[in-house]
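These notes are about the structure you will find just below.
We name chains A, B, ... by the order of the sequence lines, and we start the count at 1 in each one.
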Amino acid sequence: MNADFLNDLNESQRNAVEYIDGPSLVIAGAGSGKTRVLTYKIAFLLEMGMKPWNILALTFTNKAAREMKERIALLVGPDRSQTLWMGTFHSLFNRMLRQESSLLHFTSNYTIYQPGDCKSLINGILKEMGLDNKVYKPGAVCGKISEAKNALILPDQYMADLETYQRDNRQKMPALGQIYKKYVARMHQANAMDFDDLLLYTYLLFEHYPEVRHKYASRFQYILVDEYQDTNYAQHEILRLLSEGNDHVCVVGDDAQSIYSFRGARIDNILKFTQQYQGAKLFKLEQNYRSTQTIVGAANSLIAFNKEQIKKDVYSKNEIGRPLVLNIAYSDVEEGEIVCNRIHALHAQKGLKYQNMAILYRTNAQSRIFEEGLRKRMIPYRIYGGRSFYDQKEIRDVLAYFRLVINPNDEEALKRIINYPTRGIGNTTMEKLIHAAVNSEVGIWEVLKDPLVFNVTLSAATHKKLESFYEMIIGFIEKREEEDAYQIGSRIIKESGIFQEAYKSHDIESQTMQDNLSELLNAMNTFVEIQKESGEEVHALLTDYLSEVSLLSDVDNQETENKDMVTLMTVHSAKGLEFEAVFIVGMEENLFPNSMAMYSQREMEEERRLFYVAITRAKNFCFLSCSKMRFHYGKMDFCEPSSFLKEIDKQYLRLEVEREEYRSELPHESLFNRNKLAVSQDLHTRGKLHAINSDSEVVTEGNTLDTVEVNGQILKSGLTVEHDRFGVGEILSLEGDPGNVKATIKFRNSGEKCLLLKYAKIKLI
DNA sequence: ACTAATAACATTTTT
DNA sequence: TGTTATTAGT
């Protein structure tokens with residue numbers, strides 16, 4: 001055996017790696033080398049003679065799996081690492097379900113419904129049942145169903161439960177059980193599964209078919225689970241069914257980083273692991289190798305406010321490092337300016353690469369302002385989440401064609417495209433078809449095949465249109481096993497008329513549509529190429545492509561090339577990542593912590609853990625910021641600093657005042673006395689802006705200028721100007737270098753502001 | 001059946 | 001603010 005690599009580990013890591021005789025729980029503090037333990041443990045198992053296909057390793061994202069495989073390959077070679085069963089619960093059990101689908105009365109080419117499809121299906125069911133979709137909000141209904149599925153509660157059981165019924169009744173939604181039941185039936189008829197079904201049906205398969213369970217339980221002799229704190233009840237039960245009897249299970253996680261309870265994650269899974277797995281060994285990794293002592297200290301002081309947690313003492317032996325810095329901006333736009341300026345400064349003055357910096361926010365909607373700020377400065381950035389490529393209209397339309405071709409029972413796909421591009425099949429016709437389908441308890445596709453059989457009354461013209469649509473799809477279906485994904489993909493785009501639709505006009509809209517279409521085809525082409533390279537003479541079929549695409553997450557989608565770009569993402573998607581410098585923005589009450597969490601202790605603790613995750617992403621620099629006001633649905637809202645800020649031990653936090661005039665303008669009293677937010681230095685004893693910030697701030701020398709020319713306008717002190725947001729005001733002074741001029745302007749209604757003329761839209765009047 | 005115009009509504013986080 | 005659902009007009 002060659003396991004010299006174990007010498008790379010510290011003692012507690014090594015202990016966790018070497019224990020393979022029974023169940024174990026590894027509590028891994030932030031930055032303590034969790035991934036290292038997992039990869040080394042798998043390598044160790046392989047060196048001990050275990051076969052790669054006997055190991056099941058479950059990760060939180062596909063990207064995490066990919067990276068872990070690469071690291072294992074370095075330890076034991078690519079051959080063995082390649083054949084490991086490693087991936088997310090969803091993707092691995094999806095693979096398995098496609099093999100075993102007939103037992104569950106699905107075919108192997110079932111569609112995976114996206115949340116949008118689920119909502120639309122719910123909408124249809126509501127209409128059918130004559131329920132008001134203002135009372136039964138489709139999103140909320142989906143949430144309830146998802147919750148039930150994650151707790152492994154089936155419709156009949158749901159309806160039989162009195163407590164559940166009473167709760168639903170109180171929420172004015174007594175029919176939820178009925179809707180759930182119908183939903184399951186319709187999903188089945190459509191040969192479709194949603195995300196939760198991938199877990200639920202896996203559980204049911206193992207529960208009802210002992211021989212299937214045994215097959216997989218004996219194949220997987222050792223099971224490892226990463227990010228165990230974010231698993232839900234269904235995942236917990238799947239794990240139990242697969243490991244019962246041998247208990248060779250190792251789960252790794254950190255209860256302080258549990259941030260997915262809204263998705264059904266049960267923190268109890270990790271808190272009670274040692275009770276559920278008798279004789280389980282507990283290992284704790286407490287040394288943080290990632291961050292400075294200050295960052296670890298700040299994070300510890302924050303998380304101490306949470307009640308329920310496993311006791312641990314995370315520490316760092318790295319440098320003490322610099323304090324966290326808090327900036328308070330006047331507006332959301334200014335917060336963007338401050339952050340982007342500092343990113344620029346860190347890059348220009350400290351030589352920090354853009355790829356080592358990240359802006360983390362609570363909600364996707366916050367990204368736009370930072371995007372604009374970075375664009376103006378020509379700073380390259382990459383944004384994750386929000387509306388991704390696959391969420392765009394034309395892409396979803398094309399994917400709907402693909403889905404229908406793979407699975408003609410996919411009704412959401414059918415409804416989406418039967419009249420796109422427009423071919424004269426309108427609402428009335430669709431209503432008729434749906435009505436006939438529901439009445440005869442068959443799918444719409446069946447009705448479409450021969451409407452007359454189902455007594456649908458149609459004009460001859462409409463009949464003709466339906467027929468030619470049907471024939472077109474049949475034509476594609478005939479080719480789907482014959483051509484590879486790229487070939488049939490381009491065929492569908494052309495023959496369906498989508499291509500024509502995109503090229504019929506020359507405005508910007510159709511330009512982006514054209515770009516998106518060719519990008520999609522490109523992606524399909526590379527998919528086919530990669531499949532070909534991996535050896536098999538098997539075609540990369542459209543069905544393979546679809547299956548892959550439906551389970552991709554935004555983080556998975558990231559290009560592997562290391563481009564030098566600033567990362568923008570939600571705190572949630574930053575889990576597991578690390579950066580030299582992290583900017584945590586929007587630190588305001590009702591935003592972070594989010595207003596939805598305000599009235600529940602449990603959710604507040606989750607928000608706090610989320611903030612903990614955000615802070616611990618930083619290796620060296622952590623910048624916090626908030627704004628006094630912010631645009632919200634087109635209205636300006638006033639904000640207060642987050643209550644979490646005052647939970648950070650004051651010795652680790654420094655308040656930085658961006659602009660001199662804020663000294664008088666900011667309600668320091670209310671901020672720092674009434675809220676008892678600690679400030680490490682006395683604001684009033686500090687010098688001018690550039691003196692305070694000289695170590696990490698853009699240093700703007702205060703050369704006073706008399707006149708400046710900007711965009712052909714000659715500006716000087718005393719002149720009156722107009723600004724988009726702030727209104728009319730008088731220039732008080734101008735300073736800076738030509739081309740980078742700051743103007744102090746006293747606005748009539750918005751007070752005194754200091755603006756960079758390079759960016760501010762100012763009109764002389 | 002399609003288009004344009006207006007009203008309503010929404011943002012928490014994601015496999 | 002930006003998107004989506006509904007409505008009225010062609």
Quiz item: Dot-bracket, DNA chain B: Watson-Crick or G-U, under 3.5 angstrom, [ ] crossing, | other strand?
Solution: ||||||||||.....

Quiz item: Taking atom C1' of B:dT15 as reference, at what distance in whole Å does atom CZ of A:R95 sit?
Solution: 16 Å

Self-check item: The single option from A:E605, A:E606, A:R266 passing side-chain hydrogen bond (donor to acceptor under 3.5 Å, both in side chains) against A:S261
Solution: A:E606

Check: protein-nucleotides 8-13 of chain B nitrogen or oxygen pairs below 3.5 Å:
from	atom 1	to	atom 2	distance (Å)
B:dT12	O2	A:R362	NH1	2.8
B:dT12	O2	A:R362	NH2	2.3
B:dT13	OP1	A:N364	N	2.9
B:dT13	OP1	A:N364	ND2	3.3
B:dT13	O4'	A:R362	NH2	3.4
B:dT13	O2	A:R362	NH2	2.6

Quiz prompt | Sub-6.0 Å ring centroid separation between A:F370 and A:F583 | solution = no

Quiz item: Expressed in angstrom and rounded to an integer, what is the separation of A:F89 atom CZ from B:dT14 atom C1'?
Solution: 16 Å

Practice problem: For residues A:L591 and A:C639, determine if any side-chain heavy atom of one lies less than 4.5 Å from a side-chain heavy atom of the other. | Solution: no

Practice problem: Report the distance from atom CD of A:E372 to atom P of C:dT1, rounded to the nearest whole Å. | Solution: 12 Å

Quiz item: According to the interplanar angle, ranging from 0 to 90°, do the rings of A:Y110 and A:F106 count as parallel (below 30°), tilted (30 to 60°) or perpendicular (above 60°)?
Solution: perpendicular

Self-check item: Gap in Å between the two P atoms, one belonging to B:dT13 and one to C:dT4, rounded
Solution: 15 Å

Quiz item: When all nucleic acid strands are considered with a 4.0 Å heavy-atom cut-off, which category describes A:D196: base, sugar-phosphate, or nothing?
Solution: nothing

Quiz item: Using the benzene-type ring in the case of Trp, are the ring centres of A:F262 and A:Y260 under 6.0 Å apart?
Solution: yes

Exercise. Would you mind classifying the nucleic acid contact of A:R630 as base, sugar-phosphate or nothing, using non-hydrogen atoms under 4.0 angstrom?
Key: nothing

Quiz item: Starting at CG of A:D132 and ending at P of C:dA5, how long is that distance when rounded to a whole Å?
Solution: 15 Å

Quiz item: Once you round it to whole Å, what is the distance between C1' of C:dT6 and CG of A:N133?
Solution: 12 Å

Quiz item: So, A:E607 and A:R362, do they make that salt bridge, N to O below 4.0 Å?
Solution: yes

Exercise. Take A:L199 and A:N427, find for each the nucleotide of DNA chain B with the closest heavy atom, and name the residue whose nucleotide sits nearer the 5' end.
Key: A:N427

Self-check item: Over 12 non-hydrogen atoms of neighbours within 6.0 angstrom of CG in A:N427
Solution: no

Quiz prompt | OP1 or OP2 of B:dT15 under 4.0 Å from side-chain N/O of A:S91 | solution = no

Practice problem: Check the distance between C:dA5's P and A:L126's CG and give it to me in whole angstrom. | Solution: 14 Å

Quiz item: Should A:T422 be listed as having a side-chain N or O under 4.0 Å from OP1 or OP2 of B:dA1?
Solution: no

Quiz item: Are A:Q235 and A:E237 linked by a side-chain donor-acceptor pair shorter than 3.5 Å?
Solution: no

Exercise. Whole angstrom is fine here: how far is it from CG in A:N150 over to P in B:dT14?
Key: 16 Å

Practice problem: Could you pick out which residue, A:F195 or A:R423, lies toward the 5' side of DNA chain B when each is mapped onto its nearest nucleotide? | Solution: A:R423

Indicate every side-chain donor-acceptor pair of residues 139-148 of chain A with a distance under 3.5 Å to a residue at least two apart or in another chain.
from	atom 1	to	atom 2	distance (Å)
A:K144	NZ	A:Q171	OE1	3.2
A:S146	OG	A:D196	OD2	3.0

Quiz item: Can you tell me how far C1' of B:dT15 sits from CD of A:Q114, to the nearest Å?
Solution: 10 Å

Quiz item: So, is A:N123 close to the C:dA5 phosphate, meaning a side-chain N or O under 4.0 Å from OP1 or OP2?
Solution: no

Exercise. Using distance alone, with no hydrogens and no angle criterion, decide if A:D637 and A:H632 have a side-chain donor and acceptor under 3.5 Å apart.
Key: yes

